[in-house]
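Notes follow once the structure below has been shown.
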Amino acid sequence: MVAREDVIELAKRRGFFFGANGAYGGVAGFYTYGPNGAAVKDNLESAWRDRFTVRQGNMEIEAPTIMPEAVFEASGHLDGFDDMLVECPECGESHRADHLVEDDTDIEEAESIPIPEVEELIREHDLRCPACEAPLSDEPVEEFNLMFETSIGPGTGQTGYMRPETAQGIFVEFPRLKEYARNRLPFGVTQIGPAYRNEISPRKGIIRVREFTQAELETFIDPEADEPPLHEVADVEVRLYPATEQAADDGEAYTTTVGEAVEEGVVGSAWVGYYLGVAQEWYERIGVDTDRFRFRQHLPGELAHYAADCWDAESQVGAAGTAAGSSDGGEPRDEGDWIEITGFAYRSDYDLSKHAEGSGESFTVFKQYDEPETVERATVDPDMATLGPEFGGDAGAVADALRTLAERDPDAFDAGEVEVEVDGETHAVDAEVANFSVEEVTENGEHVTPHVVEPSFGVDRIVYTVIDHAYRTDEVDGEERTYLALDPEMAATDAAVFPLVSNDERLLDLADDVTADLRAAGLSVEYDDSGSIGRRYRRQDEVGTPFCVTVDRDGIEGDGPHTVTVRERDSARQVRVPVADVGAEIAALLDPEDDRAFEALAASYGEIETGVRTG
RNA sequence: GCGCCGUUGGUCCAGUGGUAGGACAUUAGCUUCCCAAGCUAAUAGCCCGGGUUCGAUUCCCGGACGGCGCACCA
């Protein structure tokens, strides 16, 4: 059984993660990663960085976690949050108070009305719960703000917010980042770091928290020109659960390839399809069980304010029963919970356009044409020496209006006098003064607002998934054991070193040497001489350490070079390896690029017949 | 935020109006040449606040935290 409580119990007991600030009673939604969890999370982030930053040729940045209010005004996060909710005293259902007011009165834009007045309006109009008709007159209207607010600087200072996603830190720096990309599309910027959402009700341990880690990639593309290298992942098999299947009574997820899904339009954006393929392979690499994994398309009503199309990677966790191949695999597996672990969104130019508007800065890339284009353009060069005295403070606005008019309606300047409107007032300007002319202009290119394709990974939920999917129980020599079949790349500890018995100085000394050697080789090593050898193996099995090195007398009493045994976690098989080689051999076993298996090690050094069986 | 249920060593549990017991784990020692063995000993706990009471871990109220359901999840 891999019930969630089993995973959480193991996580607490073995230092993966636990509720933070327990000494003070704790606060919901905040977790501390213990030594093993922090190491797994770090490994996961490294694997992500390797795949989505380094191998994709992207740039990684690190932006502040607190940003000023204006950023979130522009991004739309501020509006999206300030929902006024009123809860029905009878049925407990929450409703948007501003919407209720709008529905039953002539008022529009009730969102901008202060809360006390909204409460007053509810009383005046005797508004009732849409679900059960109970009166809402005496119910408080509450504001839900999912962003953590803080103040920057002393006194009243400036309002700031903890970022609700790392993405905004990338978007707001676009004008500079595009310089680092040498003004060429497409390019990608990544960021791994914490994000904050003041969740109303944090739940399910580490799955729904208020401070969490995101790993996001923002790909900036020219929507007209840039195509993803889809061929790289066209044959990757993915399990898709499109909106149409979710809506159908007998709909279900099905397996196809990325190439076909894009070809058939099931995945609307080739870029999104491309990242589904890249991500699929990455999930497999880090040990997500593909039988408990799918890509689910957002239903139309589910789409975020910025998203044109969106797919979630979902994993199934908390499912009872163990993975295929284990001893008790015959039992039917209970349904677990499907949790979102990554969102793949085509954000179009929403974010960059919004920040351009909000900041007044340019969030575009200049795209040079292959050949310069010559076009005729109507322009004006108003004589300000005349306009100034004539229109006073409005002169600048009049000049702007003339420029706009020249672009829109050049023919207007054929007459001797043109009329422009400024602040509802019509002004007449002599065509001469406007200095109208049609010029030949050479266009070398155009300013393009890039579109954004965003895979956004929830690191904590992936850590949880990796642990949940690695959780196994079996029997070793007739004794039950619990272990984590973590991919070696994810495991907190690379190897453990044990002297077989602790009453022989020679074994203790050699074990110390081997430990030092392995650590010098860059491995994360645990040394343990406490208790029986079996107990020590189980300790390491339970946290997922892939290899145990045991120093025994047989290894030091022969004629040849000293040897030690190397034990593989899942099978408990052992190979005797010379001390001089053990560091390099284990490093090779751990290297994700080196597909040398334990099998190969057994072939080259000879397996020890231990009589120990797992299963 | 609402409703129901819960909270006892590190973990999982038992129990009591007179401040607690087990299992596992941990530590030290003995033993031990390969898979949670054994022996000895040690460390360690009643979520917080208020009330009732001579006395509360136990009963009552409130809070925090956790689980489930509702709502929320841009």
Side-chain angles (χ1 to χ4, degrees), chain A residues 3-6 8-15 18-30 34 72 75-83 85-96 131 139-140 142 144-147 164-165 197-205 207-210 301-307 310 339-340 343 345 458 475-483 498-504 507 529-542 548-557 564-565 567 569 572-574 576 608-614:
Chain A
R4 187 165 67 236
E5 42 275 28
D6 293 334
I8 287 175
E9 189 271 322
L10 177 69
K12 255 194 284 198
R13 191 163 44 78
R14 299 302 245 154
F18 52 89
N21 307 303
Y24 290 95
V27 181
F30 295 93
F72 300 112
S75 71
H77 287 94
L78 214 51
D79 277 352
F81 286 16
D82 271 356
D83 291 353
L85 292 192
V86 60
E87 186 168 309
C88 172
E90 297 294 325
C91 68
E93 190 135 342
S94 285
H95 306 282
R96 288 279 296 264
E139 298 308 307
E142 311 223 356
F144 273 23
N145 193 327
L146 286 186
M147 281 197 294
E165 58 175 4
R197 297 179 193 183
N198 200 359
E199 295 285 351
I200 297 160
S201 175
R203 283 289 167 87
K204 298 180 194 298
I207 292 169
R208 182 98 169 270
V209 286
R210 292 185 165 127
E302 215 177 335
L303 288 172
H305 60 269
Y306 50 75
C310 191
I339 60 169
E340 176 193 347
E475 283 188 4
V476 177
D477 242 19
E479 295 282 348
E480 194 174 308
R481 90 170 157 163
T482 298
Y483 68 108
F498 313 139
L500 182 57
V501 289
S502 51
N503 59 356
D504 187 329
L507 300 187
D529 61 8
S530 153
S532 75
I533 189 68
R535 180 184 296 268
R536 285 178 272 164
Y537 284 141
R538 299 303 168 80
R539 273 189 200 127
Q540 296 303 322
D541 290 344
E542 204 175 30
C548 290
V549 176
T550 303
V551 179
D552 63 351
R553 259 178 229 144
D554 289 350
I556 61 173
E557 287 180 341
V564 293
T565 65
R567 168 191 181 267
R569 176 193 60 212
R573 291 165 63 196
Q574 293 189 331
R576 185 168 290 282
I608 301 168
E609 185 42 61
T610 61
V612 176
R613 293 286 176 271
T614 63

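Chain letters run A, B, ... following the sequence lines, proteins first and then strands; every chain starts at 1.
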Separation of atom [atom1] in [X] from atom [atom2] in [N], rounded to whole Å:
X	N	atom1	atom2	result
A:Ile556	B:C34	CD1	P	15 Å
A:Arg481	B:A36	CZ	P	11 Å
A:Leu500	B:A37	CG	C1'	14 Å
A:Tyr24	B:G49	OH	C1'	16 Å
A:Ile207	B:G66	CD1	P	13 Å
A:Leu10	B:C24	CG	C1'	14 Å
A:Tyr537	B:C35	OH	P	9 Å
A:Arg569	B:A36	CZ	P	18 Å

Could you let me know what [N] is paired to, Watson-Crick or G-U wobble, both distances under 3.5 Å, or none if it's on its own?
N	value
B:C35	none
B:A28	B:U40
B:G9	none
B:A74	none
B:U16	none
B:C59	B:G51
B:G69	B:C2

* Would you please name every residue forming a side chain to side chain contact (heavy atoms under 4.5 Å, CB included) with A:Leu500, sequence neighbours left out? =>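 So A:Leu500 forms a side chain to side chain contact (heavy atoms under 4.5 Å, CB included) with A:Ile533, A:Thr550, A:Asp552.
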* Asked: Which nucleotide sits closest to the side chain of A:Thr550: B:C35, B:U32, B:C34?
  ->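 It is B:C34.
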* Counting side-chain heavy atoms from CB outward, which of B:C35, B:A74, B:C65 is closest to A:Val612? ->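 Nucleotide nearest to A:Val612's side chain: B:C35.
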* Asked: Does A:Ser532 make a side-chain N or O approach to OP1 or OP2 of B:A37 shorter than 4.0 Å?
  ->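 Yes, A:Ser532 has a side-chain N/O under 4.0 Å of OP1/OP2 on B:A37.
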* Does a nitrogen or oxygen in the side chain of A:Lys204 sit under 4.0 Å from OP1 or OP2 of B:G66? ->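 So the side chain of A:Lys204 is outside the cut-off, no N or O lying under 4.0 Å from OP1 or OP2 of B:G66.
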* Would you sort out whether A:Lys204 and A:Ile339 count as a side chain to side chain contact (heavy atoms under 4.5 Å, CB included), showing the intermediate values? => CA-CA 11 Å; A:Lys204 298 180 194 298; A:Ile339 60 169; 5.6 Å; no
* What's the spacing between A:Thr565 OG1 and A:Arg576 CZ if we round to 0.5 Å? ->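 If I round to the nearest 0.5 Å, the distance is 6.0 Å.
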Could you pull out the protein-nucleic contacts involving nucleotides 26-30 of chain B (nitrogen or oxygen on both sides, under 3.5 Å)?
{"residue": "B:U26", "atom": "OP1", "partner": "A:Arg539", "partner atom": "NE", "Å": "2.4"}
{"residue": "B:U26", "atom": "OP1", "partner": "A:Arg539", "partner atom": "NH2", "Å": "2.5"}
{"residue": "B:U26", "atom": "OP2", "partner": "A:Arg535", "partner atom": "NH1", "Å": "2.8"}
{"residue": "B:U27", "atom": "OP2", "partner": "A:Ser530", "partner atom": "OG", "Å": "3.4"}

* Asked: Within the side chain of A:Arg203, is there an N or O that forms a donor-acceptor pair under 3.5 Å with the backbone of A:Arg208?
  ->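 No: the side chain of A:Arg203 does not pair with the backbone of A:Arg208.
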* Asked: So what does A:Glu340 hit on the nucleic acid, given a heavy-atom distance under 4.0 Å: a base, only sugar-phosphate, or nothing?
  ->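 Counting heavy atoms under 4.0 Å across all strands, no contact is made by A:Glu340.
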* Would you verify whether the NZ or CZ of A:Arg567 falls within 45 degrees of the ring axis of A:Tyr537 while also being under 6.0 Å from that six-membered ring's centre? =>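 The answer is yes; both the distance and angle limits are met.
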* Find which nucleotide of RNA chain B each of A:Ile8 and A:Gly531 is nearest to by heavy atoms, and output the residue with the more 5' nucleotide. =>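 Per heavy-atom nearest nucleotide, the more 5' residue is A:Gly531.
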* Asked: Donor-acceptor pair under 3.5 Å: do we get one between A:Ser201's side chain and the base of B:C72?
  ->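 No, the side chain and the base share no sub-3.5 Å donor-acceptor pair.
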* Is A:Arg481 salt-bridged to A:Asp541, going by a charged N under 4.0 Å from an acidic O? ->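 Salt bridge: yes.
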* Are any non-hydrogen side-chain atoms of A:Pro202 and A:Val209 less than 4.5 angstrom apart? ->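 No, every pair of side-chain atoms sits at 4.5 Å or beyond.
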For nucleotides 4-12 of chain B, give me every protein contact, N/O to N/O, under 3.5 Å, one pair per line with atom names.
{"residue": "B:U11", "atom": "O2'", "partner": "A:Glu9", "partner atom": "OE2", "Å": "2.3"}

